[in-house]
Amino acid sequence: MVARPAGAAVRGSAVRWPPLARRSALALAVVAALAVVGPLLCQPPDAISDPAATALLAPGSRRLVLTLADGTTLAAEQAVQVGGDWEIRRLGKLRAVPGGDVRGVESRRYWLGTDALGRDVLARLLWGGRVSLALGLLALAVSTLLGAAVGLAASWVGGAVDATLMRLADAVLAVPMLVLVLLLTALLRPSLGVLAVVIGLGSWMGVARLMRAQVQALKQRDFVLGLRAIGASPARILLRHIVPNTLAPLGQDAALRLGDLILIESSLSFLGFGVQPPAASWGSLLADGQAALGSGWWLVVFPGCLLAATVLAAALLAEGLQERLRHLR
Amino acid sequence: MTRRVLGRIAASLVVLWVVATGTYGLVALAPGDASSRIADPRLPAAARERWRRDFGLDRPLPARYLGWLAATLRGDLDVSWQHRRPVAGLLAEALPPTVLLTSLGLLVETLGGLAIAVVQAMRPRSRLDRWLGAASLLGYAAPPFAVGLGLVWLFSYALGWLPPSHMLSPAGQGGWAHGRDLAAHLVLPVATIGLTGMGALARYTRGSLVEERSQGYVLAALARGCSRRRALLAHALPNAALPLVTVLGLSLPFLVSGSLLVEVVFAWPGMGQLLFQAALARDIPLLMAGTLVGTAAVVLGNVLADLAAWWLDPRVRP
């Protein structure tokens, strides 16, 4: 049984979620589900058929893909079977393909267009979403755990440890995040896992401050005094009674930071320091889009909107959580 | 008061020292030293040793650290590996374009954010209020580089009105034409910084404006026959905008990070571009100096914001 501060509502209260927060939670769930399931439903984006004839197709384009006997593929705008042979229109030119060479014909629709290498943008978005969300969540876990540990240590030990840790947090907070992460990536040239740790190392300070303030406020409460009086050990008070009471504000803060961390990861990938090709995240898709900006708006618009929508949904969800917590108090 | 101001400045100097030491420590502890990063890997061992001695890398870490700290305090920021030039000179060249871009961006951000908040607070909970609220959330959530790319696509490629990148046209111009050219190149990057920054500011100001509206002094102004607009603009806004000074000070790190991205998108020849290129080339001295300068800018901004808040509002004076 966890001791709760007086006035805290019990679970299952009647306070409703704000509708906007519900909708954003739903939107986040959809994006997450797409990132998990989506890649299973579409071909990997690197499976390119005939790059010359499928590069930079507008959204909604359709191509017929002929698989030839030697394993190569030909993409065609049109294909008609004349007798036993195929007559195809490829890059605006008519061309005959002997029927014996053709192993299969498949019609493919590029709902969100293709990039300069003929890769399907929809497939890349889904695969990239996996990377963006996974890295964001991983960085979130790193920064939350690190920050909570620092905040807990500072507030519980107090004294010089507290002062040192908090000055350290102040100092890291004063370094512009992106500059710090650029320095770290130049020193380490990180892999995906290290990248999440690097982002986490640059963003634990807010959590530490929040955790410290929470623990210090809770330490003054009567239920802690009561626990002391009945002889509970400090470790027990801290881990069983104080930490559970900090989880709600910590969770709300985490929801608020999820969007920021996804943004930072995509910024790094946009700059070319994050995910390395052929792997992609939404940020590196935008970098590709910048390179082909004059020829295809869809390369920027779709990843940009998806990224913004995800960050927005995370922010709205955090706001809803905040409102709900305020009502519960 | 003077003691508090001096104390505040001393605390920020401590922050700077901690950051400088931490940066040096990170670089010193990272695998491999400068000899493995910039010297030719085919160098024979003896030559490598001499090379390390010439660069002072054979001295113990504390001695190197103290030497580096003393040099940094003198303004000697080492030599860039990439450009083979003193880092201080490179930074001094890149600083003016960045200051120009970010200060204009900050101005647009502040004015835009205030204007949106005032329009929203005139009729809270109206349809316009809700739409503007949603728009400012979108501005907060949109990544600066995506917004920048969108603007470039619209105004440079689709409409052809404005140049997509760089600070000046390649053909040199003098006098008025030069100024017009610079202004045309400034519009899109400044708009990007402004648009992505004003959302958070508008949300914050709208909240405090709506709160101030219900205060007694606004009611008193209305009772005195003051128009609603005047009560909001002349009475509530100054009080609501006071905490904004602190908020702006705290948002400086994001401004530095955001303008780095904007500079990369628009090929703007400033600090962000310099640091981006330095990170690509793994130019550690330049990156270290950039970290220090960026931090110093943030710390200075925070001190100024605190001093301005104390000066403007007697209630928060220590």
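Chain identifiers are assigned alphabetically (A, B, ...) following the order of the sequence lines, protein sequences preceding nucleic acid strands; residue numbering begins at 1 within each chain.
- For the set L292(B), L26(B), L255(B), the count of heavy-atom pairs under 4.5 angstrom toward chain A peaks at L26(B).
- For the pair V265(B) and T192(B), the minimum side-chain heavy-atom distance is 4.5 Å or more.
- Proximity to chain B (any heavy atom under 4.5 Å) is shown, for A174(A), by both the backbone and the side chain.
- Residue contact with chain B, scored on non-hydrogen atoms closer than 4.5 Å, involves the backbone and the side chain of V175(A) alike.
- The greatest number of non-hydrogen atom pairs below 4.5 Å with chain A, out of D283(B), L154(B), L261(B), is found for L261(B).
- Note on Y157(B), W153(B), F145(B): by heavy-atom pairs under 4.5 Å with chain A, the leading option is F145(B).
- With respect to chain A, the highest number of heavy-atom pairs below 4.5 Å among A146(B), G150(B), S257(B), P144(B) belongs to S257(B).
- The main-chain N or O of R125(B) is found under 3.5 Å from a side-chain atom of D129(B) such that the two form a donor-acceptor pair.
- Proximity to chain A (any heavy atom under 4.5 Å) is shown, for L280(B), by both the backbone and the side chain.
- Taking 4.5 Å as the limit, some side-chain heavy atom of R212(A) sits within range of a side-chain heavy atom of D162(A).
- Listed options L16(B), T291(B), V14(B), V147(B) were ranked by heavy-atom pairs under 4.5 angstrom with chain A; first place goes to T291(B).
- Contact count against chain B (heavy-atom pairs under 4.5 Å) is highest for L271(A) among V300(A), V172(A), L271(A), D260(A).
- At least one side-chain heavy atom of E265(A) sits under 4.5 Å from a side-chain heavy atom of I199(A).
- Interface check for chain A: of the options V18(B), L138(B), L149(B), the most heavy-atom pairs under 4.5 Å are formed by L149(B).
- Note that R130(A) lies in the cation-pi zone of W127(A), set by a 6.0 Å cut-off to the ring centre and a 45° limit from the axis.
- Heavy-atom distances place the side chain of L316(A), and not its backbone, under 4.5 Å from chain B.
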- [ ] Determine, stepwise, if the pair R257(A) / S143(A) fulfils side chain to side chain donor-acceptor pair (under 3.5 Å).
- [x] CA-CA 10 Å; R257(A) 281 176 316 116; S143(A) 75; 2.8 Å; yes

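- With hydrogens and angles disregarded, no donor-acceptor distance shorter than 3.5 Å links the side chain of T72(B) to the backbone of L77(B).
- Chain B forms more heavy-atom pairs under 4.5 Å with one residue of G272(A), S267(A), A313(A), G289(A) than with any other, namely S267(A).
- Of the listed residues G259(A), C305(A), S266(A), the one with more heavy-atom pairs under 4.5 angstrom with chain B than any other is S266(A).
- A salt bridge links R209(A) to D170(A): at least one charged side-chain nitrogen sits closer than 4.0 Å to a carboxylate oxygen.
- The shortest distance between side-chain heavy atoms of R8(B) and N302(B) falls below 4.5 Å.
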